[in-house]
Amino acid sequence: MIRSARLISSVKFGQKNIRQFSTNWWANVQKGPEDPILGVSIAYNKDTSPSKINLGVGAYRDENGKPYVLECVKKADKKIYEANVDHEYAPIVGVAAFNQLAAQLALGEDCKHIKEKRIATVQSISGTGALRIAADFFARFLKGKTAYVPNPTWGNHNVIFADAGIPVKSYGYYNPSTCGLNFDAMSKDITAAPEGSIILLHACAHNPTGVDPTTEQWKKISQICKERGHFVLFDFAYQGFASGSPEKDAAAVRMFVEDGHNIALCQSFAKNFGLYGERIGAFSILTESPEQALNVESQLKILIRPMYSNPPVYGARLVQAILKDKELTNEWRSEVKGMADRIINMREQLVKYLKKHGSTRDWSHITTQIGMFCFTGLTPEQVDRLANEYHIYLTRNGRISIAGINSTNVEYLAKAMAAVTKDN
Ligand code: KET
């Protein structure tokens with residue numbers, strides 16, 4: 001007889017022995033840690049201090065510290081409501097018109113792959129979902145390859161690839177002594193990666209460092225990837241958020257495509273359209289021929305169907321309504337620029353107040369870094385002091401989401417940062 005650990009007793013019932021099993025299925029499940037980023041919001045929500053500040057998760061806040069609903073989104077919302085749409089299933093690949101517009105926004109309307117139908121695009125559950133599809137697709141069709149991610153990178157990258165069964169390694173990226181790019185390490189490590197490796201690049205506004213390669217450096221990386229036959233995956237979660245111009249922010253992606261890379265691309269519309277909770281994104285693979293694109297698309301469908309069948313439609317409808325309408329697109333452009341500009345302004349204010357409060361450190365990286373985040377160089381202990389003594393919450397790697405700063409809290413933050421960094 002096979003003995004079951006769950007067998008707790010055996011009782012006689014007439015002639016028969018009735019075995020009784022424990023219903024305690026989950027005794028071996030240990031409590032796991034909170035997510036390093038989303039856990040910060042949990043700690044912040046528990047804090048009852050009126051001066052508390054959440055600089056953890058990368059979610060844009062307006063001057064009053066409130067979530068910001070873009071005007072163009074409100075108008076698109078109204079249009080959708082008035083169109084009296086139904087709530088049928090989308091196809092497995094999502095809303096076709098959205099997919100087309102998303103790819104165009106990233107790659108440009110003149111992109112050859114789009115014109116020649118050499119691209120497969122599917123709607124995804126925001127940027128994370130796009131990465132997840134990417135990882136599962138690579139596990140199936142780029143078997144045995146290792147993915148290389150920058151050190152440091154958005155923490156979820158490592159987990160997404162690992163969960164898909166893809167080995168993950170990192171390439172040098174950040175130089176803590178300059179708070180800038182370690183281009184030497186980056187190019188050396190990408191060169192040293194086995195031929196045909198998967199190289200993940202942040203298209204712009206690198207998370208968590210806020211440090212992007214220059215145009216010249218991008219050119220060299222593209223060259224190295226070509227020489228080594230690497231496959232390039234761009235994570236594009238901040239288009240428009242870095243410089244305020246969606247085109248400028250797309251420069252690296254478009255350069256790689258121009259250089260002849262058949263890249264894969266993960267897009268998120270969470271930050272640039274303020275559609276965090278709508279979970280709207282796109283995943284594209286650029287191919288050699290229209291036939292290949294169709295083959296790839298068919299396999300993406302086979303992969304998606306058992307995962308979540310087909311994606312939710314609402315976010316796609318919103319983005320589509322904006323990007324297909326010239327006026328709404330222009331309004332979006334000015335709103336995304338407004339968000340980027342406010343962030344740039346807050347960087348300047350923070351440095352100004354750090355000086356005012358007597359900090360003699362070199363904080364110039366706060367203004368040279370770009371995008372939603374600043375990698376401050378604060379130690380985990382200093383981060384803990386900010387939380388415990390000042391009710392200011394950020395991730396323990398010292399990353400600040402600049403979007404959480406506003407004119408009301410910037411001086412308080414600077415004062416606290418100056419205090420915790422005073423003697424070291
Ligand atoms: N890529 C990068 C580089 C990234 O920073 C995020 C989100 C995503 C993809 C995924 O975003 P989505 O909401 O799935 O479209 N980053 C912020 C939020 C998070 O961690 O979930 C953050 O770093 O705070």
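Hydrogens, waters and symmetry mates play no part in the numbers below; they use all other heavy atoms, side chains included. Ligands are counted one by one from 1 in listed order, and the atoms in each one are counted from 1 as well.
Salt bridge present: E411 and K356 bring a charged side-chain N and a carboxylate O closer than 4.0 Å. Ionic pairing of E216 and K219 is not present here: no N-O contact between side-chain nitrogen and carboxylate oxygen is shorter than 4.0 angstrom. One finds a salt bridge joining D325 and K79 here, because a Lys/Arg side-chain nitrogen approaches an Asp/Glu carboxylate oxygen to under 4.0 Å. Salt bridge present: K115 and D110 bring a charged side-chain N and a carboxylate O closer than 4.0 Å. The pair K117-E291 does not meet the salt-bridge criterion, since no charged nitrogen lies less than 4.0 angstrom from a carboxylate oxygen. Here R396 pairs with D384 in a salt bridge; the nearest charged N to carboxylate O distance falls below 4.0 Å.
Numbered from 1 in the order shown, with element, the atoms of ligand 1 that lie under 4.0 Å from a heavy atom of K271 read 7 (C), 16 (N), 17 (C), 18 (C). Of all atoms in ligand 1, numbered sequentially from 1 with element shown, those under 4.0 Å from a heavy atom of A237 are 1 (N), 2 (C), 9 (C). Residue G127 has at least one heavy-atom neighbour below 4.0 Å for each of these atoms of ligand 1: 12 (P), 14 (O), 15 (O). Taking every heavy atom of G58 and a limit of under 4.0 angstrom, the matching atoms of ligand 1 come to 22 (C), 24 (O). Interface atoms of ligand 1 facing V57, defined by a heavy-atom separation under 4.0 Å, are 18 (C), 24 (O). Here is the list of ligand 1 atoms found below 4.0 Å of a heavy atom in R279: 12 (P), 13 (O), 14 (O). The S268 neighbourhood of ligand 1 comprises atoms 12 (P), 15 (O), with distances under 4.0 Å to a heavy atom of that residue. Atoms of ligand 1 found under 4.0 Å from any heavy atom of R399, numbered from 1 in the order shown, are 22 (C), 23 (O), 24 (O).
Between atom 14 (O) of ligand 1 and the options I280, T128, L131, the minimum heavy-atom separation is to T128.
When the options N310, L303, I133 are evaluated for a side-chain contact (heavy atoms from CB on, under 4.5 Å) with V122, the one that passes is I133.
Ligand 1 is never approached by F269 to a heavy-atom distance shorter than 4.0 Å. Within the structure, the closest approach of W154 to ligand 1 falls below 4.0 Å when heavy atoms are considered. The closest approach between H206 and ligand 1 stays at or above 4.0 Å for every heavy atom of the residue. Note on ligand 1: M372 sits outside its first shell, no heavy atom being nearer than 4.0 Å.
Checked against a 6.0 Å centroid threshold, the rings of Y173 and H206 count as neighbours. Proximity of the aromatic rings of F231 and F138 is defined here by a centroid distance below 6.0 angstrom, and this criterion is met.
Of the polar atoms of I37, none of the N or O atoms is found under 3.5 Å from an N or O of ligand 1, judged by distance alone. For a threshold of 3.5 Å applied to N or O pairs, the pair formed by D235 and ligand 1 contains at least one separation below that value. The shortest N or O to N or O distance between G129 and ligand 1 is not below 3.5 Å.
Both tests do not hold together for K271 against Y60: distance to the six-membered ring centre under 6.0 Å, angle to the ring axis within 45°.
In N207, the part holding a heavy atom less than 4.0 Å from any atom of ligand 1 is the side chain. Contacts with ligand 1 closer than 4.0 Å are made by no heavy atom of Y276, backbone or side chain. By the criterion of a heavy-atom distance under 4.0 Å, both the backbone and the side chain of S126 are placed next to ligand 1.
Residue pairs meeting the ring pair (Phe, Tyr, Trp, His ring centres under 6.0 Å) criterion with at least one partner in residues 80-136, sequence neighbours excluded, are F98-F269.
Crowding of K52 atom NZ: a count of heavy atoms from other residues, nucleotides or ligands under 6.0 Å exceeding 12.
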